[in-house]
**Student:** 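Quick one: the structure is below, questions incoming.
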Amino acid sequence: MTTTPTTGEAALGYEQARDELIEVVRKLEAGGTTLEESLALWERGEELAKVCRRWLDGARARLDAALAEEGEAE
């Protein structure tokens with residue numbers, strides 16, 4: 001399992017992905033889009049959610065590693 005974004009996603013930081021995901025959700029909730037536009041927004045939202053999850057998983061792994069090192073040093 002990849003815990004950091006792939007090369008194509010690396011340019012998109014966590015905050016950027018989160019903010020864009022919030023905007024996608026806002027547009028979907030507002031309605032007024034065609035089915036095609038809604039599907040495209042949904043797909044983009046899924047991609048952004050994966051980017052966010054990878055960043056969070058990577059941060060969790062780094063935190064766990066740091067805590068494990070700290071525990072070994074004691």
Side-chain angles (χ1 to χ4, degrees):
M1 177 177 177
T2 303
T3 57
T4 56
T6 60
T7 304
E9 299 165 339
L12 194 61
Y14 171 78
E15 290 82 5
Q16 292 170 312
R18 182 202 59 213
D19 291 347
E20 188 178 341
L21 180 57
I22 290 168
E23 183 63 20
V24 166
V25 170
R26 186 193 64 73
K27 287 178 182 177
L28 285 170
E29 288 178 341
T33 57
T34 65
L35 178 59
E36 188 70 27
E37 291 168 334
S38 294
L39 287 172
L41 285 169
W42 180 269
E43 290 169 347
R44 181 62 180 158
E46 289 290 328
E47 292 171 11
L48 292 165
K50 287 177 186 176
V51 171
C52 289
R53 173 56 55 201
R54 285 187 193 110
W55 278 109
L56 293 172
D57 288 347
R60 169 56 68 190
R62 290 175 60 192
L63 180 58
D64 289 345
L67 291 173
E69 286 179 18
E70 183 179 300
E72 291 172 4
E74 293 178 2

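Count residues from 1 along the sequence.
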**Student:** Do NZ/NE/NH1/NH2 and the carboxylate oxygens of R44 and E20 come within less than 4.0 Å?
**Tutor:** yes
**Student:** State yes or no: do V24 and I22 share one hydrophobic cluster built from I, L, V, M, F, W and Y residues joined by side-chain heavy-atom distances below 4.5 Å, directly or via other members?
**Tutor:** no
**Student:** Starting from the C-alpha separation in whole Å, work towards a yes-or-no answer on side chain to side chain contact (heavy atoms under 4.5 Å, CB included) for R60 and D64.
**Tutor:** CA-CA 6 Å; R60 169 56 68 190; D64 289 345; 3.4 Å; yes
**Student:** Looking only at heavy atoms, which two atoms of C52 and Y14 are closest? And how far apart?
**Tutor:**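 Minimum heavy-atom contact is CB-CE1, 3.8 Å.
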**Student:** Check E29 with R26, please: is the shortest side-chain N to carboxylate O separation under 4.0 Å?
**Tutor:**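 Not counted as a salt bridge, because no side-chain N and carboxylate O are separated by less than 4.0 Å.
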**Student:** To the nearest 0.5 angstrom, please state how far the CD atom of E36 sits from the CG atom of L39.
**Tutor:**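 Those atoms lie 6.0 Å apart.
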**Student:** Distance from L28 atom CG to E23 atom CD, nearest 0.5 Å?
**Tutor:**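 One finds 10.0 Å between CG of L28 and CD of E23.
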**Student:** Which atoms form the tightest heavy-atom contact between L21 and L48, and what is the distance?
**Tutor:**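 So the minimum-distance heavy-atom pair works out to N-CD1, 3.6 Å.
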**Student:** What's the shortest heavy-atom distance between T33 and S38, and which atoms?
**Tutor:** OG1-OG, 2.6 Å
**Student:** Assess the residue pair V51 and E47 against the criterion (side chain to side chain contact (heavy atoms under 4.5 Å, CB included)); give the C-alpha distance rounded to whole Å, side-chain angles, the decisive distance to 0.1 Å, and a yes or no.
**Tutor:** CA-CA 6 Å; V51 171; E47 292 171 11; 5.7 Å; no
